[in-house]
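This report concerns only the one structure given below.
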Amino acid sequence: MKAIYPGSFDPITYGHVDIIERCSQKFDKVIVACLNNRAKDYLFSPSDRIEMIDEVFKDNKKVETDMFDGLLIDYANEIGADVIVRGLRAISDFEYEMQLSMFNKVLKPDLETFFLVSSDKYSFLSSSLVKEVASYKGDISSFVPPIVVKKLESKF
Ligand code: PNS
């Protein structure tokens, strides 16, 4: 089975890493798909975001990266994905995630969304807060892999 794990990954955090690793133990392939929405303001370019993920998973043959624009269901169709995987951190994620999965279900009924509950040590983590801490030169090494620390330091 091929899973697609979509997101902005601006940048990847240890919370994402945890979901991808756990996912790769259950599926034959995990495609980490970076959204490249031209209307959105990202800190990192799509190629930078992908480069960081590739570096973290360079030894895991089940994990691949890609970039997509447009509807997730169309991209999933194109690559022949069997399921969408999303991580759930706290109750606050639930409403949005449920809405997203329901839209996707109506648009493409045979594509299921699987939710993985974040490990408790990462349940508070978000890319936006990591960027905020980094912008004030705070220590972000508990939240993101070393390559991301380096890239964030070069941004701020
Ligand atoms: O990391 P994020 O920003 O929470 O990821 C959100 C993402 C990429 C999963 C979602 O915005 C998405 O799938 N966007 C592509 C457009 C789409 O298919 N939207 C859902 C149908 S309403």
Side-chain angles (χ1 to χ4, degrees), residues 1-24 26-27 29-57 60 62-135 140 143-145 147-149 151-152 155:
M1 284 244 273
K2 189 193 259 191
I4 177 171
Y5 180 50
S8 303
F9 306 108
D10 187 38
I12 187 168
T13 68
Y14 278 137
H16 299 124
V17 172
D18 171 59
I19 298 285
I20 297 166
E21 260 163 12
R22 288 162 58 203
C23 204
S24 78
K26 300 290 172 202
F27 296 99
K29 259 289 163 259
V30 183
I31 313 296
V32 183
C34 278
L35 177 67
N36 182 23
N37 181 340
R38 278 173 238 113
K40 252 176 120 174
D41 267 341
Y42 299 105
L43 177 64
F44 291 103
S45 69
S47 55
D48 272 352
R49 285 181 274 145
I50 283 184
E51 186 192 326
M52 291 183 265
I53 305 168
D54 279 341
E55 168 62 26
V56 176
F57 290 99
N60 188 335
K62 285 185 166 185
V63 178
E64 285 174 17
T65 46
D66 200 3
M67 195 188 301
F68 79 103
D69 192 5
L71 283 182
L72 175 61
I73 50 134
D74 290 337
Y75 172 69
N77 211 18
E78 201 181 293
I79 64 161
D82 301 291
V83 297
I84 298 170
V85 170
R86 293 283 287 168
L88 276 181
R89 288 168 302 188
I91 300 291
S92 51
D93 277 345
F94 185 75
E95 207 172 317
Y96 171 65
E97 292 300 334
M98 193 176 73
Q99 198 180 17
L100 203 66
S101 69
M102 283 178 170
F103 260 89
N104 287 332
K105 185 84 183 153
V106 171
L107 293 169
K108 190 165 164 45
D110 59 328
L111 186 67
E112 296 289 356
T113 301
F114 284 19
F115 292 108
L116 275 188
V117 174
S118 294
S119 302
D120 51 2
K121 60 181 171 180
Y122 302 127
S123 60
F124 62 93
L125 204 46
S126 77
S127 298
S128 6
L129 284 180
V130 169
K131 284 183 278 192
E132 186 170 328
V133 174
S135 74
I140 47 168
F143 311 131
V144 291
I147 169 99
V148 182
V149 173
K151 289 258 185 200
L152 276 168
K155 283 275 177 198

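Atoms within a ligand are numbered from 1 in the order they appear, just like the ligands themselves.
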Counting only nitrogen or oxygen atoms and a 3.5 angstrom limit, does Asn104 reach ligand 1? no
Starting from the C-alpha separation in whole Å, work towards a yes-or-no answer on side chain to side chain contact (heavy atoms under 4.5 Å, CB included) for Ser24 and Phe57. CA-CA 11 Å; Ser24 78; Phe57 290 99; over 6 Å; no
Enumerate the atoms of ligand 1 whose separation from the nearest heavy atom of Lys40 is less than 4.0 angstrom. 3 (O)
Identified side chain to side chain contact (heavy atoms under 4.5 Å, CB included) partner of Phe68 from the options Cys34, Pro6, Pro46: Pro6
Is atom 12 (C) of ligand 1 in close reach of the protein, with a heavy atom under 4.0 Å away? no
Under a 3.5 Å distance rule, please check whether Lys131 uses its side chain to pair with a backbone N or O of Leu43 as donor and acceptor. no
Residue Leu71 vicinity, atoms of ligand 1 by number, heavy atom under 4.0 Å: 17 (C), 18 (O)
May I ask you to identify the nearest protein heavy atom to atom 7 (C) of ligand 1, giving residue, atom name and distance to one decimal place in Å? Arg86 NH1, 4.3 Å
Heavy-atom closest contact (Gly87 atom, Ile19 atom, distance): CA-CD1, 3.8 Å
For Gln99 and ligand 1, answer yes if some heavy atom of the residue is under 4.0 Å from a ligand atom, otherwise no. no
Shortest protein heavy-atom distance from atom 1 (O) of ligand 1, along with the residue and atom involved: Ser8 N, 2.9 Å
Show your working on side-chain hydrogen bond (donor to acceptor under 3.5 Å, both in side chains) between Tyr42 and Asp48 and close with a plain yes or no. CA-CA 11 Å; Tyr42 299 105; Asp48 272 352; over 6 Å; no
For Phe103, look at atom CZ and say whether over 12 heavy atoms of other residues, nucleotides or ligands are found less than 6.0 Å away. no
Kindly confirm or rule out an N or O of Leu100 lying under 3.5 angstrom from an N or O of ligand 1. no
Minimum non-hydrogen distance to atom 16 (C) of ligand 1, winning option of Gly70, Ala76, Gly87, Ser127: Gly70
I need the nearest protein heavy-atom contact for atom 8 (C) of ligand 1: residue, atom name and distance, please. Leu35 CD2, 3.7 Å
Write out the residue and atom name of the closest protein heavy atom to atom 18 (O) of ligand 1, then the distance separating them to 0.1 Å. Leu72 N, 2.8 Å
Could you list which atoms of ligand 1 come closer than 4.0 Å to a heavy atom of Tyr96? 6 (C), 11 (O)
Smallest separation among heavy atoms of Arg89 and Ser126, with atom names: NH1-CB, 3.4 Å
Please identify which of these residues, Ser47, Pro145, Pro11, meets the side chain to side chain contact (heavy atoms under 4.5 Å, CB included) condition with Met52. Pro11
